[in-house]
Chemist: 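One structure is given below, represented as structure tokens, and several questions about it will come after.
Just the heavy atoms: all of them, side chains too, but no hydrogens, waters or symmetry mates, feed the values below.
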Amino acid sequence: MTVDEQLREMVKACGLPVRGSYRNAEVCMILGFSRATFCRLIDAWQPDDNGNPVVPYSLKSYMLRQERRVSWDELAAFLERNDTWERRYGMQDERQLSLL
């Protein structure tokens, strides 16, 4: 199952339509977070030199009409970045190969 398919199933399970972005309460429902956790995740987001998040468990959000929103692409990227197996065993940095 791809990340996109997984996210579609998660959104469907919450009874929400597939859209380009979601409000903070919807993101909390989709990912199973509390409002406080959501706030911590968006506060932790900060890009590196390549535009990738420095902290993998952070969420990039934006404001639209006085409301914080997270895009579909960011939700999918968040799920991919935070895959348990990848975080434990995957290559985090190409420089790790030189250590072997």
Side-chain angles (χ1 to χ4, degrees):
M1 177 179 278
T2 67
V3 173
D4 194 56
E5 292 169 342
Q6 180 184 5
L7 183 55
R8 284 182 190 279
E9 291 297 319
M10 292 168 74
V11 167
K12 183 179 164 184
C14 293
L16 298 171
V18 173
R19 293 195 306 252
S21 66
Y22 294 92
R23 295 185 302 265
N24 55 12
E26 294 168 333
V27 173
C28 291
M29 190 173 14
I30 293 167
L31 298 177
F33 293 152
S34 68
R35 172 101 169 130
T37 300
F38 175 80
C39 291
R40 268 195 309 276
L41 293 179
I42 61 171
D43 286 342
W45 193 87
Q46 151 182 349
D48 63 9
D49 295 336
N50 298 325
N52 298 317
V54 174
V55 180
Y57 53 86
S58 61
L59 269 172
K60 181 179 181 181
S61 65
Y62 62 94
M63 291 292 289
L64 181 66
R65 296 188 197 119
Q66 304 293 322
E67 196 167 53
R68 186 79 42 201
R69 296 186 73 89
V70 178
S71 70
W72 176 274
D73 292 337
E74 175 59 19
L75 286 173
F78 177 83
L79 290 175
E80 189 169 19
R81 283 191 311 266
N82 290 286
D83 180 274
T84 304
W85 189 91
E86 283 293 326
R87 287 194 64 199
R88 288 186 184 159
Y89 309 111
M91 281 292 178
Q92 303 298 322
D93 192 342
E94 292 81 27
R95 295 176 292 174
Q96 285 179 306
L97 287 175
S98 66
L99 299 174
L100 300 176

Chemist: Measuring from I42:CD1 to K60:NZ, what's the distance to the nearest 0.5 Å?
Modeler: 13.5 Å
Chemist: If I compare all heavy atoms of C28 with all of F38, which pair ends up nearest, and what's the gap?
Modeler: SG-CB, 3.6 Å
Chemist: Before accepting this row, confirm whether a basic side-chain N of the pair R81/E74 lies closer than 4.0 Å to the acidic partner's carboxylate O.
Modeler: yes
Chemist: How far does CD of Q6 sit from CD of E80, to the nearest 0.5 angstrom?
Modeler: 10.0 Å
Chemist: Look only at the side chain of N50 and the backbone of N52, and say whether a donor-acceptor pair between them is shorter than 3.5 Å.
Modeler: no
Chemist: Sort out for me which residue in I30, L41, V27 forms a side-chain contact (heavy atoms from CB on, under 4.5 Å) with V70.
Modeler: V27
Chemist: Would you say the side chains of Y62 and S21 form a donor-acceptor pair under 3.5 Å?
Modeler: yes
Chemist: Could you check whether atom CZ of R19 has more than 12 heavy atoms from other residues, nucleotides or ligands sitting under 6.0 Å from it?
Modeler: yes
Chemist: Has N82 got a side-chain atom pairing as donor or acceptor with P56's backbone, closer than 3.5 angstrom?
Modeler: yes
Chemist: Using a 4.5 Å cut-off on heavy atoms from C-beta on, say whether the side chain of V18 contacts that of K12.
Modeler: no
Chemist: Step by step, work out the side chain to side chain contact (heavy atoms under 4.5 Å, CB included) result for D4 and W72.
Modeler: CA-CA 9 Å; D4 194 56; W72 176 274; 2.8 Å; yes
Chemist: Test side chain to side chain contact (heavy atoms under 4.5 Å, CB included) on R68 and R23 and set out the steps.
Modeler: CA-CA 6 Å; R68 186 79 42 201; R23 295 185 302 265; over 6 Å; no
Chemist: Can you name the residues that form a side-chain contact (heavy atoms from CB on, under 4.5 Å) with S58, not counting sequence neighbours?
Modeler: A44, W45, P53, V55
Chemist: I need the F78 CZ to S71 OG distance, nearest 0.5 Å.
Modeler: 13.0 Å
Chemist: Are L75 and L31 close enough, and set up right, to give a side chain to side chain contact (heavy atoms under 4.5 Å, CB included), and what steps lead you there?
Modeler: CA-CA 9 Å; L75 286 173; L31 298 177; 3.9 Å; yes
Chemist: Starting from the C-alpha separation in whole Å, work towards a yes-or-no answer on side chain to side chain contact (heavy atoms under 4.5 Å, CB included) for Y57 and R40.
Modeler: CA-CA 10 Å; Y57 53 86; R40 268 195 309 276; over 6 Å; no
Chemist: Supply the atom-to-atom distance L16 CG to M29 CE, rounded to the nearest 0.5 angstrom.
Modeler: 4.5 Å
